[in-house]
Amino acid sequence: MRDFPLRLRAAKLLELAIMLHHHELAAAVRAALLAAQAGGALPPFDLPDVTVERPRETSHGDYATAVALQLARPARMAPLKIAQAIADHLPPLDYLGEVNVAPPGFINFRLSDAWLQGLPERILADPAAFGRVDHGAGQKAQVECVSANPTGPITLGRTRGGVIGDTLHRALENAGYDVTLEYYYNDAGRQITLLGESVKVRYLQLLGQPVELAEEHYQGDYITDLARELLAERGDALVDVPSDTFAAYARDRISAQQKATLARVGIVFDNYFREASLYETGQVWQTLAELNERGYVYEKDGAQWFRSTEFGDDKDRVVVKAGGEPTYRLPDMAYHRDKAQRGFDLVVDIFGPDHHATAPQVLMGVRALGYSSDFVHTLLHQIVTLVRGGGALKMSTRRGVYVTLDELVDEVGADAIRYFMISRSANSPVEFDLDLAVERSDKNPVYYIQNAHVRCAGIFRKWAEAGLPADADNDADLSLLTHPRELAFLRKALELGDVLETVTTLYEPHRLAFYAYDLAALFHPTYEECRVLHSDVPEPLRRARLRFYRAAQAVFARVLDLMGMSAPEVM
RNA sequence: GCCCCCGUAGCUCAAUUGGACAGAGCGUCGGCCUUCUAAGCCGAAUGUUGCAGGUUCGAGCCCUGCCGGGGGCACCA
């Protein structure tokens, strides 16, 4: 009974030991620096930030630090000697194998094989926790994405933002954050007015009236479809009804459709924040009043202007038009004021390339309202282009020329969409190759990754079909996992925690996609070379490898889940 | 004209935020199916990181100036 808390603590330490070697090693290096100074091996100097990283070149080891190079000047010693002094004073660490010093002054660390061989067991102890980090523990985060007007189908650009946002949402939860995935729903303003007018025109046209859409109206076929629905339901009873009614109907229908479509790719929002609510609660005008009180608003040409130049903008911006109607900026500022008041420690706003210029203005508004904008991270991403047969498909929502997300899901499936949308850094455009996305071969990274999971599952399926005991690997001797392929895979698997830490601190979900691919690329040759069920595999090794593949399957399931993708048993 | 993103192998992109010899995939070339396993594996070739300076122990990454591509600069959102 008395050792229960101790065991908990041991479990916690073990978990950290699995995930966060670079932090632990950095602490150990700091300790070694202090010990070396105390022992006179190093002169006194202020301790620098010690960073331990994974060298790109695997032959250099699993971890490395260049701290000795940084210390050359303050210590006035040769970097190599500093490195050696640190290495000599390093405390013993159970997971560490070889430590060596390399010119011009790197210290390289290698994990011990024995420790790595124990990794499958630690993964299987709690597979859903593998890769978990804790830097967000106790903090509230919000990810805002998509936030499209309910005036048409979800575009591919919004889809990209949505997948980036949802992947980040999953990763942040893995880091301990309490995360709200939010959609800012523009159900007020001019675009909605235009939507209503567009539907009404189509409705009147269906009744044979000689009216035409204006240039700024929505041209897509879905507008006519909505008009047809209204005609079927209400006949000609709406001819003299104002377009507001059409707008409300269209808005709700389109919004429901958007929601359903996004759910098909695994994006389900915790909260739809209605722009109209900012008017209903008076927050829009309250925001204006606060900006005014703080001296950041003035009148010119009948309009109200925000002094954004005080925050570095190249010109001031209109927040209330001469007609008395707010521009989009004012509710946007009110919305972010609300985010600040909701007490989020972290807000990630995800915008497409068409909003690159406006994002900073909102943050200026936040600061003008007296809040720090440090808690907001704006994540801008580039466009998506569809490619088929080697050529790009050019689309335009307003002209009604586009591939809908629904069609894309029908054609390539949700998994491919999820993967390809995060398969590039947000700063790079995505070329979505429709031919590749449905190809069932190793050329298609989606299949390549999922096939790793399938292959693991296949081993256990065969094993069960042969009528062999399902728990045969439970007490396997894992020290038999000595094949270089096996150890290389385990090293990579171990990186998941580091990857997730990077994803959530730099807001770069593409790293997860690259990691998944790299892991699969290490898996397949292992699968090829390290056989299990063969008659010439000795029984103890067979059991150890069963354990290995069971852990490998768990890691792939975990990574696929983090990316919102399915982990199929068969293909 | 101003702002943002990009410029890395033939093509599409990475590169642990300033670290070691710049890496993957596709494409090209060459191998591998009597074994859970070809929807797969192994191997080879490919670079003045757009150009010119600068910062320092060290630059694809930071600074300055050019060149080129994309996007944005509304009292639209």
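Just so it is clear: chains get the letters A, B, ... in the order the sequence lines come, proteins before strands, and each one is counted from 1.
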Among B:C57, B:A14, B:U17, the nucleotide that comes nearest once only the side chain of A:Phe514 is considered: B:A14
Contact nearer the 5' end of RNA chain B, comparing A:Ala102 with A:Arg485: A:Ala102
Side-chain N,O (A:His510) to OP1/OP2 (B:A15) below 4.0 Å: yes
Short side-chain donor-acceptor distance under 3.5 Å, A:His135 and A:Thr504: yes
Intermediate values then yes/no, side-chain contact (heavy atoms from CB on, under 4.5 Å), A:Val376 and A:Lys339: CA-CA 9 Å; A:Val376 182; A:Lys339 292 191 191 201; 6.0 Å; no
Below 4.0 Å: OP1/OP2 of B:A15 and any side-chain N or O of A:Arg511: yes
Side-chain N,O (A:Tyr448) to OP1/OP2 (B:C41) below 4.0 Å: yes
For atom CG of A:Asn108 and atom P of B:C21, their distance in whole Å: 13 Å
Side-chain donor-acceptor contact under 3.5 Å, A:Tyr218 with A:Gln191: yes
Presence of A:Lys443 side-chain N/O under 4.0 Å of B:G27 phosphate oxygens OP1/OP2: yes
Nucleotide nearest A:Glu53 (side chain, heavy atoms from C-beta), chosen from B:C57, B:C75, B:U16: B:U16
Gap between atoms CG and C1', on A:Asp433 and B:C26 respectively (whole Å): 10 Å
Backbone of A:Thr309 reached by a side-chain donor or acceptor of A:Asp316 within 3.5 Å: yes
For B:U12, glycosidic torsion class - syn if within 90° of 0, otherwise anti: anti
Side chains of A:Glu24 and A:Tyr63, donor plus acceptor under 3.5 Å: no
Inter-nucleotide C1' distance (B:G72, B:G30), Å rounded: 49 Å
Distance below 4.0 Å between A:Arg56 side-chain N/O and B:A20 OP1 or OP2: yes
pi-stack flag for A:Tyr447 and B:A39, centroid dist under 5.5 Å, interplanar under 30°: no
Atom C1', compared across B:C61 and B:G54: separation rounded to whole Å: 15 Å
Rounded interatomic separation in angstrom, taking OH from A:Tyr517 and C1' from B:G23: 13 Å
Side-chain N or O of A:Thr358 closer than 4.0 Å to phosphate OP1/OP2 of B:A77: no
Rounded C1' spacing from B:G47 to B:A14 in Å: 15 Å
Length of the line joining A:Arg190:CZ and B:A74:C1', which is rounded to integer Å: 10 Å
Plane angle bin for A:Tyr296 and A:Phe311 - parallel if under 30°, tilted between 30 and 60°, otherwise perpendicular: tilted
Anti or syn - B:C33, cut at 90° from 0: syn
Stacking of A:His355 on B:A77 base (centres under 5.5 Å, planes under 30°): no
A:Tyr184 and A:Phe273 aromatic ring geometry - parallel, tilted or perpendicular at 30°/60° bounds: tilted
Gap between atoms CE and P, on A:Met571 and B:A39 respectively (whole Å): 10 Å
Rounded interatomic separation in angstrom, taking CG from A:Leu496 and C1' from B:U16: 15 Å
Footprint string (nucleotides 2-8 of chain B, 5' to 3'): B base within contact, S backbone only, - free, heavy atoms under 4.0 Å: S-SSS--
Between P of B:G70 and CG of A:Asp354, the distance in whole Å: 18 Å
Residue matched to B:A39 through Watson-Crick or wobble contacts both under 3.5 angstrom: none
Rounded distance in Å between the P positions of B:U8 and B:C62: 16 Å
Side-chain H-bond candidate by donor/acceptor type, A:Asp415 with A:Gln450, under 3.5 Å: yes
N-O pairing of A:Arg274 and A:Asp187 below 4.0 Å: yes
Rounded distance in Å between the P positions of B:G68 and B:C51: 15 Å
